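In this text the structure is predicted, and so the values were computed from the model without any measurement. Lettering follows sequence order; numbering is per chain, from 1.
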There are 4 protein chains.
Amino acid sequence: MGAMRTKNVADEVTRAALELFSTRGYANTSVQQIVEAAGVTKGAMYHYFTSKDDLLFAIYERMLSLQKSRLDEITARGGPAEEVLRAVCVDVMETSIEFLPEGTVFFRSVHMLSEDRQKEVTRRRREYNDQFAAIVERGQASGVFRDDVPMAVLIAHFFSDVHYLSHWYRPEGPETKTEVAQQVTDLFLRSIRKET
Amino acid sequence: MGAMRTKNVADEVTRAALELFSTRGYANTSVQQIVEAAGVTKGAMYHYFTSKDDLLFAIYERMLSLQKSRLDEITARGGPAEEVLRAVCVDVMETSIEFLPEGTVFFRSVHMLSEDRQKEVTRRRREYNDQFAAIVERGQASGVFRDDVPMAVLIAHFFSDVHYLSHWYRPEGPETKTEVAQQVTDLFLRSIRKET
Amino acid sequence: MGAMRTKNVADEVTRAALELFSTRGYANTSVQQIVEAAGVTKGAMYHYFTSKDDLLFAIYERMLSLQKSRLDEITARGGPAEEVLRAVCVDVMETSIEFLPEGTVFFRSVHMLSEDRQKEVTRRRREYNDQFAAIVERGQASGVFRDDVPMAVLIAHFFSDVHYLSHWYRPEGPETKTEVAQQVTDLFLRSIRKET
Amino acid sequence: MGAMRTKNVADEVTRAALELFSTRGYANTSVQQIVEAAGVTKGAMYHYFTSKDDLLFAIYERMLSLQKSRLDEITARGGPAEEVLRAVCVDVMETSIEFLPEGTVFFRSVHMLSEDRQKEVTRRRREYNDQFAAIVERGQASGVFRDDVPMAVLIAHFFSDVHYLSHWYRPEGPETKTEVAQQVTDLFLRSIRKET
DNA sequence: TATGAATGAGTTTTCATTCAT
DNA sequence: TATGAATGAAAACTCATTCAT
């Protein structure tokens with residue numbers, strides 16, 4: 001008893017949209033295709049989402065919230081900068097692999113969002129980046145990270161790996177998500193550690 | 001003779017398409033907008049390009065050819081693996097900065113190409129990656145590069161930086177293209193060099 | 001007892017519909033907007049009105065009944081034709097100004113009613129016109145009103161003023177409703193009075 | 001030879017739109033119905049008109065221009081105020097009868113125009129009214145028209161008749177357009193003439 | 001080579017109304 | 001009485017592409 005018999009309309013639609021947006025692209029997916037894949041009617045969909053754009057933003061919203069909360073959690077635990085940074089990097093990579101379709105959509109379709117929402121996404125990503133940068137700065141202050149490379153370059157050097165995952169990583173491939181997360185984090189940390 | 005009096009239609013269209021695709025996105029750009037921006041008529045455009053897709057592919061074609069020829073040229077010069085790899089990396093970064101709009105389109109719009117052309121692009125990028133991997137392998141064989149990380153990860157770790165450029169680099173920003181190219185290449189090489 | 005605790009649903013809906021229909025137009029007003037403005041739910045509204053059309057007709061019904069009853073009342077009082085006609089004209093003008101939003105809807109949206117109801121409205125307006133015409137005829141018979149102009153023209157000449165009110169009269173403007181009612185009635189009576 | 005074989009798309013569409021808007025109303029007429037009645041495709045229609053609203057405005061534009069040019073022409077001829085006013089009134093009435101469908105749409109559907117265009121229509125109608133008022137003022141100055149009634153009321157008293165035509169006049173009815181124009185103009189002039 | 005009117009299938013969105021609860 | 005999720009038909013509009021000239 002208590003089992004949810006009725007699949008929630010909003011959930012089914014979101015799921016179908018994610019699947020289609022990530023495989024065919026936002027512009028190549030029609031609302032018709034989404035509702036068919038979700039097994040609901042167009043009217044029902046528009047009862048929960050005000051537009052196709054709204055559906056896209058829901059995916060962004062979810063990713064942004066998730067990333068933010070995980071970053072908060074890890075930084076809250078405290079510890080030496082390098083240790084925290086390592087934990088953050090591994091976690092971001094792992095999470096990004098778990099949410100690979102979301103990532104595909106995330107990086108590919110920002111420009112399809114309404115202008116206001118693009119700004120909102122940019123704002124929240126900047127917030128996230130600043131928080132990330134603060135950890136690196138702490139490491140620089142304590143002498144473990146190099147400071148002869150602009151912060152922007154360092155940040156980009158790491159997030160490019162996150163970004164790129166959906167372009168090459170295949171879950172069915174030889175590397176597990178944990179291995180890849182560790183390996184990439186190692187490469188990154190090695191490159192920014194102050195040489196002794 | 002030889003004086004180019006008439007602006008070439010195909011060139012003007014390609015230029016306008018690149019500009020619009022990179023700023024507004026392929027799907028958000030209509031053929032009408034392209035021909036208006038190019039100052040030609042629709043009929044004229046369709047005389048030179050068979051479809052909107054064709055226009056998009058022209059941008060890919062140009063990028064792929066350019067990258068290939070530069071890689072060929074540098075590898076042809078020969079030299080120690082690390083030296084060659086450094087030259088290749090710096091060159092790719094610099095070229096990618098010079099062709100930033102092309103890069104924006106390149107990474108954002110592959111899924112908008114016809115299936116056949118997507119395969120063609122994939123094939124040529126794989127070719128390029130293999131050539132790049134060969135240099136890394138040579139360095140591994142000669143003991144200068146580490147071999148405890150899968151090649152796929154190493155490759156991705158570098159190309160992610162190339163890819164990510166259009167997401168963060170601004171020509172009007174503080175860093176010159178040469179600086180960034182050097183810095184990123186340093187970070188990359190430091191991370192893959194065998195520790196002594 | 002007697003305290004009206006609950007705002008009547010039907011009244012609130014009618015009030016909101018009138019407001020919206022008169023400002024935005026019937027076609028530009030959605031049922032959703034009406035129920036929101038009325039502070040009720042869609043289900044509640046459909047409990048009292050069978051359709052949006054029904055809501056529109058309620059406005060007509062109210063106006064037609066009101067006009068009819070006032071005309072009946074005035075004619076019942078009797079008196080010389082010119083005196084009666086003057087009273088009727090002044091009253092119609094004043095009432096129309098008091099119910100300006102209703103008038104806006106009344107004259108603008110007949111064609112949005114169902115065919116049956118359009119006929120019903122036409123029927124009752126004809127009835128009203130005939131009663132009005134009877135007064136004029138009485139005045140013609142007694143020699144105070146001219147009879148060299150077709151009755152249809154005379155009638156139209158007056159009702160056009162009533163009709164037009166919502167197009168130019170502004171309650172916040174310089175003229176009071178009584179002044180305008182008197183002035184227009186004077187103009188009308190002067191034009192139909194038999195010259196001596 | 002020389003006969004226009006090809007019915008112009010824009011003309012056919014305008015004609016069909018006028019017919020449908022005047023009989024069924026703007027909101028009750030779909031673009032589909034218009035293009036079917038005009039015998040053209042939707043795409044062709046949108047080649048000439050940017051929106052359904054555009055189609056509606058075309059009708060307004062035509063009416064406003066026509067009225068303006070006729071008023072200009074008559075006032076340009078000059079003469080005593082009463083004579084000019086009579087000519088203007090008769091002409092407006094006659095023209096309005098000739099363009100009865102346009103009038104129906106004109107007075108019924110202003111609120112369906114985009115806000116900008118509503119303002120444009122208001123502006124041009126005010127211009128027209130001012131020009132009309134100037135004639136009345138001249139007559140007041142020369143002592144032939146009464147000045148004990150606000151100008152706004154006088155103006156409204158006449159234009160209400162113009163407005164109302166489409167609500168009662170039927171070309172197939174007993175009165176010819178010339179008769180009605182004369183009769184209504186007489187009624188109006190009688191009511192505003194200064195009593196002696 | 002080049003024009004630009006025309007096509008027609010497709011798009012997103014709206015909305016009055018119904019109905020299980 | 002009242003809810004509000006869901007329906008389904010229709011709406012306006014877009015746009016890559018074609019083709020007679």
### Position toward the 5' end of DNA chain E (nearest nucleotide), A:Gln32 or C:Tyr46
A:Gln32
#### Entry: 5' precedence on DNA chain E between C:Ser51 and D:Thr41 (nearest-nucleotide basis)
D:Thr41
### Query
A:Tyr48 near the nucleic acid: base, sugar-phosphate alone, or nothing, with a heavy-atom cut-off under 4.0 Å?
sugar-phosphate
### Aromatic ring pairing D:His163/C:His163, orientation class (parallel under 30°, perpendicular over 60°, tilted between)
parallel
### Separation of atom CE in A:Met45 from atom P in F:dG8, rounded to whole Å
17 Å
### Message
Which is more 5' along DNA chain F, the nucleotide nearest C:Val40 or the one nearest B:Asn28? Just name the residue.
### Response
C:Val40
### Query
Is the backbone of D:Phe106 close enough, under 3.5 Å, to the side chain of D:Ser109 for a donor and an acceptor to pair up by distance?
no
### Task
Quick one: the dot-bracket string of DNA chain E, using Watson-Crick and G-U wobble pairs with both distances under 3.5 Å, [ ] for crossing pairs and | for bases paired to another strand.
.||||||||||||||||||||
#### Entry: Range on DNA chain E touched by chain C - first to last nucleotide, heavy-atom distance under 4.0 Å
E:dA16 to E:dT18
### Query
Ignoring hydrogens and geometry, is there a side-chain-to-backbone donor-acceptor pair from B:Arg108 to B:Phe21 under 3.5 Å?
yes
### Query
Just checking B:Lys52: base, sugar-phosphate only, or nothing, at a heavy-atom cut-off of under 4.0 Å?
sugar-phosphate
### Query
Under 4.0 angstrom, heavy atoms only, what part of the nucleic acid is C:Thr29 near: base, sugar-phosphate, or nothing?
sugar-phosphate
### Message
Using a 6.0 Å cut-off, check whether atom CZ of A:Arg62 has over 12 heavy atoms from anything other than its own residue.
### Response
no
### Query
Are the side chain of B:Tyr60 and the backbone N or O of B:Val105 linked by a donor-acceptor pair below 3.5 Å?
yes
### Query
Where each residue is assigned the nucleotide of DNA chain F containing its nearest heavy atom, which of A:Ala44 and B:Gly43 is assigned the position nearer the 5′ end?
A:Ala44
### Query
Between B:Tyr26 (side chain) and B:Leu113 (backbone), is there a donor-acceptor pair under 3.5 Å?
no
### Task
Answer yes or no: is there an ion pair linking C:Arg117 with C:Glu61, defined by an N-O contact shorter than 4.0 Å?
no
### Summary
Contacts of C:Gln32 meeting side-chain contact (heavy atoms from CB on, under 4.5 Å) (sequence neighbours excluded), chain-then-number -> C:Ser30, C:Val35, C:Glu36, C:Lys42
#### Entry: Salt-bridge contact A:Glu19-A:Arg15 (side-chain N to carboxylate O under 4.0 Å)
no
